[in-house]
Amino acid sequence: MLVLITYDVNTEDAAGRKRLRQIAKQCVNYGQRVQCSVFECLLDSAQCKLLQAKLLSIMDLEKDSLRFYYLGKHYENKMEHFGCKATYMPEDTLMI
């Protein structure tokens, strides 16, 4: 299923900046960054729960915000992209 993950981390202190880097690093391990604090992740249920647990253990519930949007398996018709950044399809072949 495609999961859209967004976060907002309070970076007023060094601890917040560290949390921001840790959350971004975890998200990069599971998906594609599409905007500064927005990731598209193609996950199964177990991966989703694991990533959610990791992110919750990093974030400060009093200062930070984390959102998961579950777009499901048939996400192609639920997304539109406009603008300068090239779009991609998570299930397409990636050439490096």
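All figures in this text were calculated on a predicted structure; none of them were measured in a lab.
Note: Leu51 CG to Asn29 CG = 9.0 Å, rounded to the nearest 0.5 Å. Here CG of Asp8 is found 13.5 Å from NZ of Lys63. Values are rounded to the nearest 0.5 Å. In this structure, Thr11 OG1 and Arg21 CZ are separated by 10.5 Å, a value rounded to the nearest 0.5 Å. In this structure, CG in Leu2 is found 10.5 Å from SG in Cys48, a value given to the nearest 0.5 Å. Once rounded to the nearest 0.5 Å, the distance linking CD of Gln26 with CG of Leu50 reads 8.5 Å. Distance check, rounded to the nearest 0.5 Å: CD1 of Ile58 to CZ of Arg19 gives 10.5 Å.
In this structure, Tyr69 is not a member of the same hydrophobic cluster as Leu66, with clusters built from ILVMFWY side-chain heavy atoms closer than 4.5 Å. One hydrophobic cluster, built from ILVMFWY side chains closer than 4.5 Å, holds both Leu20 and Leu56.
The side-chain heavy atoms of Val3 and Met1, taken from C-beta on, include a pair separated by under 4.5 Å.
For Ile5 against Cys27, the heavy-atom pair with the smallest separation is CG2-SG, 4.2 Å. Here the closest non-hydrogen pair linking Cys41 and Tyr30 is CB-O, 3.7 Å. Taking both residues in full, the closest heavy atoms of Leu4 and Glu40 are given as CD1-CG, 3.8 Å, listed atom of the first, atom of the second, then distance. Of all heavy-atom pairs spanning Phe39 and Ala24, the tightest one is CZ-O, 4.0 Å. Asn10 and Asp64 make their closest contact through N-OD1, 2.9 Å (heavy atoms, listed as atom of the first residue, atom of the second, distance).
The neighbour count for Arg17 CZ, taken as heavy atoms of other residues, nucleotides or ligands under 6.0 Å away, is above 12.
Judged by distance alone, the side chain of Gln47 and the main-chain N or O of Asp44 form a donor-acceptor pair under 3.5 Å.
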Does the side-chain contact (heavy atoms from CB on, under 4.5 Å) test come out yes or no for Val9 and Ser37, once each step is laid out? CA-CA 9 Å; Val9 177; Ser37 295; over 6 Å; no
Evaluate Leu61 against Met59 for side-chain contact (heavy atoms from CB on, under 4.5 Å), listing each step before the verdict. CA-CA 6 Å; Leu61 293 172; Met59 72 176 289; 3.9 Å; yes
One pair to check against side-chain contact (heavy atoms from CB on, under 4.5 Å): Val38 and Tyr7. What are the steps and the verdict? CA-CA 7 Å; Val38 180; Tyr7 55 87; over 6 Å; no
Please determine whether side-chain contact (heavy atoms from CB on, under 4.5 Å) holds for the pair Phe68 and Leu55, giving the CA-CA distance in whole Å, both sets of side-chain angles, and the decisive distance to 0.1 Å. CA-CA 11 Å; Phe68 282 68; Leu55 297 180; 3.9 Å; yes
